[in-house]
Amino acid sequence: MAVDRRQFLKVAGISTLLGIGGKTAFEILSPGRLEASSQKIPLTTGKRWAMVIDTHKMDEGLIEKCIEACHREHNVPNLDSQKEEVKWLWKEDYHHTFPNQQHRFTMHDIIHKIVPVMCNHCSNPPCCRVCPTQSTWQRDDGIIMMDPHRCIGCRFCMAACPFGARSFNWGDPRRVMTDDSLKESNPDFPQNPEYPTRCKGVVEKCNFCAERLAKGLEPKCVEVANDKKEAAMIFGDLADPESEVRTILNERYSIRRKPELGTEPNLYFLI
Amino acid sequence: MLERALEGNKGYWGWLIFLLLIMGGGAACYLYQFNEGLRITGMSRDVSWGFYISQFTYLVGIAAGGVMVVLPYYIHDHKAFGKITILGEFLAIAAVIMCLLFIFVDLGNPVRIMNVIMYPTPNSILFWDMIVLNIYLVLNLVIGWNVLSAERKGVHYPSWIKPLIYLSIPWAFSIHTVTAFLYAGLPGRHFWLTAIMAPRFLASAFAAGPALLILLCLIVRKVSNFDPGKEQIKTLGGIVAYAFILNIFFLLLEVFTAFYSGIPGHTHTFIYLFAGLDGFNKLTPWMWFSALFAVIALILLIVPATRRKEDTLAVACVAVILSTWIDKGLGLVIGGFIPNPFERVVEYWP
């Protein structure tokens, strides 16, 4: 059925007036099409994404390269302030990342080892449980997504996340383009015109590069890390017993952050 | 009935203008924040809730505390409280409005606030908090208004109000229980992860709310020709005493569990608050002031002579309010974020 703009607006307008919303207009004019388009997120069916990080291969320099690539990919501004800082991927030492998995005599090299940290894309995510608007939700493939257009900025998810993975836009992130004191440290912001910038007052975090997965690419950090050192970061599908992530988890000893909290992180660290 | 509010002497108008000036100042500051974003508040990705949310939490207590005059009057037929229930109800109205405004100003995107209703999410405690607070506000507005206008006309309030009054009593408990659940269900925030959070909130509410009411009664007696009555203030003093003792008891239970079990995560925030952690101790003097006020309040409230004497009772009430305000309005919410998920200390000051 061919529907012109006028017709569509008419039906959408009437159904909105009746309080049933725009979705109904779609349903009347082309039944099933909206459902289909919202369900068909590429690569989500039957998958359970996870990441394995080989801490032997990831040195500080390499992690920094990954951070830079990630933040460029997602237009994360450099705000030059610890309080306002927005970060998707960053580095932390073993000592602070795994506070319950060490003792006084743990090898010096391990305790001070720098590891990359980001959102754990937990299987049982407290952030999604507490969000009052479903602005953050879990996809079928396990990725914890964030809709910056719906977020009201209550920051309940930040209180709920036991991993400190979430950042808030305390001010307008786009001011780095005009603010004289920030322009210099953000010369080419926004670096990736393909990815949206955010506004002030919303929460954001790592999205496992959902936009790249949709194109059949690996997350940016994984690409950068493996480019320098083979299999430094492995990304894959835990639901597939033959996958690389499953194989390596089967072969080597791995740990996760704060497993005792029951959030079931999907980031595994090879120690 | 509102026309009565437009009559008064010079002092009354002066007071109103003073309050309007403060409100205007607040509105101007909010406009600044609306433009700049919450970056002007001093909050950070580590301490992501600060003064606003802690004031909201404290004021939920004040709102719930009003029920301590409503309950004895309507359930136990404690006739003497008939004169002051109206004060309790209007105190609740004022406190709930402030609660809602404190949440509103804390939002990063206040214009999207209706999303909470457009996308109702029953698994979020914040959704339920929105519901219980708004209904509590409506309940108290309807009850307070009808009871007051009936009293003015010298008639009995309409009978359909009675079920609403009964409903408002458990509802007062619910607002503070749900508010406690905002904190008590979060994994990884050890200071908040405690089953006694809701009872502790209620105990401090039933101490601070009636303490404020006593002060209110004393002020009303001074500035108007309405006398809330000696007997009423005395009974309220007893309520404050019991509730405050319970509040301190609950706090000490927390201290016991944390330090006797010796589990590091459970002790860290207490250590930060009362002794400082890793060299950071911005809140330490405040917490000791809170403890000092608590001791003063306990002595004045437990000794019968000082509890029954209105001057010393007033001092005790001020001490209760200051102690619980620091404990809940600063220590509890901010302390819960320190140390952060990486066990690093990042401090906050508004």
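Within every chain, numbering begins at 1; the chains are lettered A, B, ... in the order of the sequence lines, protein sequences first and strands thereafter.
Between chain B and the residues Ser167(A), Ser135(A), Pro126(A), the largest count of heavy-atom pairs under 4.5 Å involves Ser167(A). The candidate from Pro187(B), Gly265(B), Gly37(B), Pro110(B) with the greatest count of non-hydrogen atom pairs under 4.5 Å with chain A is Pro187(B). No other option in Ile53(B), Ile103(B), Ile40(B), Leu107(B) has as many heavy-atom pairs under 4.5 Å with chain A as Leu107(B). Of the listed residues Arg150(A), Lys87(A), Met158(A), the one with more heavy-atom pairs under 4.5 angstrom with chain B than any other is Arg150(A). With chain A as the partner, the residue from Gly336(B), Ser124(B), Pro122(B) showing the most heavy-atom pairs under 4.5 Å is Ser124(B). For the options Arg166(A), Arg129(A), Glu92(A), heavy-atom pairs under 4.5 Å to chain B are most numerous at Glu92(A).
Tested against Pro132(A), the residues Leu126(B), Asn123(B), Ile117(B) include a single side-chain contact (heavy atoms from CB on, under 4.5 Å) partner, Leu126(B).
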Side-chain donor-acceptor distances from residues 276-284 of chain B under 3.5 Å, at least two apart:
{"from": "Thr284(B)", "atom 1": "OG1", "to": "Asn281(B)", "atom 2": "O", "distance (Å)": "3.3"}

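Only the side chain of Lys258(A) comes within less than 4.5 Å of a heavy atom in chain B; its backbone stays farther off. Looking at Arg257(A), only its side chain comes within 4.5 Å of chain B, counting heavy atoms on both sides. Both the backbone and the side chain of Met43(B) have a heavy atom closer than 4.5 Å to some heavy atom of chain A. If you measure heavy-atom distances from Phe181(B) to chain A, you find no contacts under 4.5 Å at all. Glu84(A) touches chain B through its side chain: at least one heavy atom from C-beta onward sits under 4.5 Å away, while N, CA, C and O do not. Within the 4.5 angstrom heavy-atom criterion, atoms from both the backbone and the side chain of Leu182(B) approach chain A. Interface remark: Glu343(B) contributes backbone and side-chain atoms alike to the contact with chain A (heavy atom separation under 4.5 Å). Looking at Cys154(A), the atoms closer than 4.5 Å to chain B (heavy atoms on both sides) sit in the backbone and in the side chain alike. For a residue to count as touching a neighbouring chain, one of its non-hydrogen atoms must lie under 4.5 Å from one of that chain's; by this rule Asp129(B) does not touch chain A. With a 4.5 Å cut-off on non-hydrogen atoms, Cys161(A) touches chain B through its backbone but not through its side chain. For Glu85(A), the parts sitting under 4.5 Å from any heavy atom of chain B are the backbone and the side chain alike. Of the atoms belonging to Val86(A), not a single heavy atom falls under 4.5 Å from chain B. Only the backbone of Phe163(A) comes within contact range of chain B, with heavy atoms under 4.5 Å apart. For Leu186(B), the part lying near chain A is the side chain, with the backbone staying farther off; criterion is any non-hydrogen pair under 4.5 Å.
By the neighbour-count criterion of 12 heavy atoms within 6.0 Å, atom CH2 of Trp137(A) is densely surrounded, having more than that number from other residues, nucleotides or ligands. Other residues, nucleotides and ligands contribute at most 12 non-hydrogen atoms within 6.0 Å of the CH2 atom of Trp128(B). At most 12 heavy atoms of other shown residues, nucleotides or ligands fall within 6.0 angstrom of atom CZ in Phe34(B). In Glu184(A), the CD atom is not crowded: 12 or fewer heavy atoms of neighbouring residues, nucleotides or ligands sit closer than 6.0 Å.
Taken from CZ in Phe156(A) to OG in Ser48(B), the straight-line distance is 11.0 Å, to the nearest 0.5 Å. Considering CD1 of Ile152(A) and CZ of Phe104(B), their distance stands at 10.5 Å, rounded to 0.5 Å. Summarising the geometry, atom CD1 belonging to Ile113(B) is positioned 11.5 Å from atom OG1 belonging to Thr133(A); distances are rounded to the nearest 0.5 Å.
Judged by distance alone, the side chain of Arg112(B) and the main-chain N or O of His149(A) form a donor-acceptor pair under 3.5 Å.
Using a 4.0 Å cut-off between charged nitrogen and carboxylate oxygen, Arg155(A) and Asp106(B) count as a salt-bridge pair.
Counting all heavy atoms, side chain and backbone alike, Lys200(A) lies closest to Asn109(B) at O-ND2, 3.6 Å. Here the shortest heavy-atom pairing between Pro341(B) and Pro162(A) reads CB-O, 3.2 Å. The two atoms that bring Ser44(B) and Trp170(A) nearest to each other are O-CZ2, 3.1 Å, heavy atoms only. The shortest non-hydrogen separation linking Pro120(B) to Gln134(A) is O-NE2, 3.2 Å.
At least one test fails for Arg45(B) against the ring of Phe168(A): distance under 6.0 Å to the centre or angle within 45° of the axis.
Legend: residues meeting side-chain contact (heavy atoms from CB on, under 4.5 Å) with Asn340(B), ordered by chain and number and at least two apart, are Asp46(B), Phe342(B), Arg344(B), Val346(B).
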